[in-house]
Amino acid sequence: MEFGEPETAFELLPLLRVYKNGRIERLIGTDFVPPGTDPLTSVTSKDVTIFPESGVSARLFLPNLTHSTQRLPLVVYFHGGCFCTQSPFTAKYHNYLNALTAEAKVLAVSVNYRKAPEHPIPAAYEDSWAALQWAISHCEGKGPEVWLNKHADFRRLFLAGASAGANIAHNLAMLAGEPDSGENMELVGVALEHPYFWGSARTAKEAEDSMRTRLFERLWGFICPARPENDDPWVNPVAEGAARLAGMGSGRVLVCVAEKDVLRDRGRHYYEALAGSGWLGVAEIVESEDEDHLFHLNDLEGQKAKDLIRRLGAFFNRDMPHSLLR
């Protein structure tokens with residue numbers, strides 16, 4: 001160590017490093033791509049500040065419209081990054097939301113929630129719930145954001161997210177299903193891309209991948225020191241004592257998993273538990289063969305990534321009443 005270089009207090013590789021002087025060095029997901037019109041997809045994006053006091057913001061994505069008054073399904077999206085890295089503004093998520101928005105013909109609100117360890121869980125849940133409420137506040141066309149007022153069809157409201165963002169989407173959908181949540185929202189569907197769920201008992205897939213398993217075994221206690229157990233219901237929705245999945249506040253749920261992903265078995269178990277819970281909605285699962293965690297974000301031109309994006313687009317547009325086709 002060179003003279004004057006701060007000592008490391010904690011490492012969570014390959015994500016970040018915490019120094020004894022309190023400085024936090026994020027090793028991935030810190031780049032910034034400006035909003036604008038994407039030349040490949042013709043999707044236009046812009047950034048909005050939702051709550052200046054906390055810094056919660058979002059990047060909105062609007063596809064090329066067929067006419068100026070067109071109404072689109074609204075997808076409130078939550079990025080991944082283990083609750084401590086990434087944002088809607090990185091190339092990975094910006095480019096993916098461009099591709100998804102263009103394919104699905106949806107209006108997307110990609111939420112920039114606060115990150116651990118500076119803002120440990122439940123900050124991410126609280127920020128995401130507040131952002132969802134902010135989006136819904138436009139349902140009568142009188143909100144501060146013109147795109148939501150003019151183009152969002154709140155009868156087709158979806159949540160979606162990748163990895164940690166899928167965890168957020170699940171937990172918000174459960175909250176939306178609680179009778180005393182204080183919100184009257186109709187979630188048509190929730191799409192979970194390679195959801196970050198965990199637990200204390202190892203699955204077969206986790207036993208095969210010891211390196212990433214060690215990362216996830218340390219992760220939850222780091223990002224959620226107030227409730228550090230790996231069987232906490234926030235991270236293990238099928239744990240003993242977790243809220244009954246029958247209370248899911250959505251009519252449809254799509255679970256996406258990848259064959260080589262260490263989180264694959266958790267996603268499968270979640271799907272099976274939800275489908276067998278007595279919940280009155282429709283659960284679906286799609287598995288991408290011979291692919292790993294969030295592969296589709298890293299290779300948008302790959303055929304399997306295109307297939308998954310097309311599947312998500314169909315999920316957001318299925319069973320649309322003829323009266324809405326305009």
Side-chain angles (χ1 to χ4, degrees), residues 29 59 61 73-83 85-88 90-104 106 108-113 124-125 128 132 157-174 187-198 205 212 216 219 235 237 248 250 252-271 274 282-318:
R59 177 162 289 182
F61 295 82
L74 176 60
V75 177
V76 181
Y77 189 87
F78 309 102
H79 67 82
C82 294
F83 288 98
T85 67
Q86 301 290 349
S87 79
T90 61
K92 174 181 288 189
Y93 282 97
H94 174 81
N95 294 338
Y96 173 62
L97 264 294
N98 277 332
L100 179 62
T101 301
E103 170 64 32
V106 298
V109 177
S110 185
V111 178
N112 186 34
Y113 51 87
Y125 298 137
S128 299
L132 174 59
L157 174 62
F158 293 84
L159 302 182
S163 194
N167 176 297
I168 293 173
H170 158 76
N171 279 291
L172 265 56
M174 292 298 295
L187 290 177
V188 174
V190 179
L192 308 180
E193 303 166 33
H194 307 174
Y196 165 43
F197 297 136
W198 202 245
K205 195 66 181 176
R212 284 192 292 181
F216 283 110
L219 177 62
V235 72
M248 167 68 64
S250 170
R252 301 202 303 264
V253 173
L254 173 64
V255 183
C256 306
V257 298
E259 182 183 10
K260 294 183 176 181
D261 187 1
V262 69
L263 300 178
R264 180 200 63 184
D265 293 351
R266 299 281 176 186
R268 286 178 172 176
H269 295 166
Y270 171 84
Y271 160 75
L274 179 63
V282 177
E284 307 168 61
I285 189 168
V286 56
E287 180 167 337
S288 300
E289 295 181 358
D290 201 35
E291 296 292 351
D292 212 330
H293 190 64
L294 300 185
F295 73 94
H296 55 300
L297 303 186
N298 301 313
D299 182 21
L300 293 175
E301 292 304 311
Q303 187 57 50
K304 291 182 181 178
K306 290 181 178 180
D307 291 344
L308 182 56
I309 292 171
R310 192 174 299 114
R311 183 74 167 78
L312 289 163
F315 179 76
F316 296 140
N317 287 281
R318 186 179 310 132

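Please read these numbers as outputs of a predicted model, since none were measured by experiment.
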Do [Y] and [X] meet the salt-bridge criterion of a basic N to acidic O distance under 4.0 Å?
X      : Y      : answer
Arg318 : Glu284 : yes
Lys306 : Glu103 : no
Asp307 : Arg310 : yes

Review point. Counting heavy atoms not belonging to Lys304, are there more than 12 under 6.0 Å from its NZ?
Key: yes
Point to revise | Other residues, nucleotides, ligands: >12 heavy atoms within 6.0 Å of Gln303 CD | key: yes
Point to revise | Verdict with supporting geometry, Met174 and Met248, side chain to side chain contact (heavy atoms under 4.5 Å, CB included) | key: CA-CA 5 Å; Met174 292 298 295; Met248 167 68 64; 4.0 Å; yes
Would you indicate whether the side-chain heavy atoms of [Y] and [X] approach each other to under 4.5 Å?
X      : Y      : result
Leu159 : Ile168 : no
Leu100 : Phe316 : yes
Thr101 : Val75  : no
Asn112 : His79  : yes
Asn317 : Pro73  : yes

What distance do [X] atom [atom1] and [Y] atom [atom2] have between them, rounded to the nearest 0.5 Å?
X      : Y      : atom1 : atom2 : result
Leu297 : Ile309 : CG    : CD1   : 8.5 Å
Leu192 : Leu274 : CG    : CG    : 9.0 Å
Ser128 : Asn167 : OG    : CG    : 10.0 Å
Asp290 : Glu287 : CG    : CD    : 10.5 Å
Leu294 : Leu308 : CG    : CG    : 10.0 Å

So, for [X] and [Y], which heavy atoms are closest and what is the spacing to 0.1 Å?
X      : Y      : answer
Asp292 : Ala258 : O-CB, 3.6 Å
Val190 : Ala173 : CG2-CB, 3.8 Å
Ala162 : Tyr93  : CB-OH, 4.0 Å
Ala164 : Cys82  : CB-N, 3.8 Å
Cys256 : Pro195 : O-CD, 3.6 Å
Asp261 : His293 : OD2-ND1, 2.7 Å

In terms of relative ring orientation, are [X] and [Y] parallel, tilted or perpendicular, with 30° and 60° separating the classes?
X      : Y      : answer
Phe83  : Tyr125 : perpendicular
His296 : His194 : perpendicular
Phe197 : His170 : perpendicular

**Study point:** Trace of the side chain to side chain contact (heavy atoms under 4.5 Å, CB included) decision for Ser288 with Phe295
**Key:** CA-CA 9 Å; Ser288 300; Phe295 73 94; 3.5 Å; yes
For the pair [X] (side chain) and [Y] (backbone), establish whether a donor and an acceptor sit closer than 3.5 Å, ignoring hydrogens and angles.
X      : Y      : answer
Ser250 : Arg252 : yes
Lys92  : Ser87  : no
Arg264 : Glu259 : yes

Point to revise | Partner of Tyr196 under ring-ring contact (aromatic ring centres under 6.0 Å, His included), chosen from Phe216, Phe78, Tyr270 | key: Phe216
Check your understanding: For His269 and Asp265, what are the C-alpha separation, side-chain angles and deciding distance, and is it a side-chain hydrogen bond (donor to acceptor under 3.5 Å, both in side chains)?
Key -> CA-CA 6 Å; His269 295 166; Asp265 293 351; 5.6 Å; no
Exercise for review: Apply side-chain hydrogen bond (donor to acceptor under 3.5 Å, both in side chains) to Glu193 and Tyr96, showing your working.
Suggested key: CA-CA 12 Å; Glu193 303 166 33; Tyr96 173 62; 3.1 Å; yes
Point to revise | Pair Arg266-Val257, side chain to side chain contact (heavy atoms under 4.5 Å, CB included): steps then yes or no | key: CA-CA 9 Å; Arg266 299 281 176 186; Val257 298; over 6 Å; no
Check your understanding: Where do Phe61 and Tyr77 land on the side chain to side chain contact (heavy atoms under 4.5 Å, CB included) test, with the steps shown first?
Key -> CA-CA 11 Å; Phe61 295 82; Tyr77 189 87; over 6 Å; no
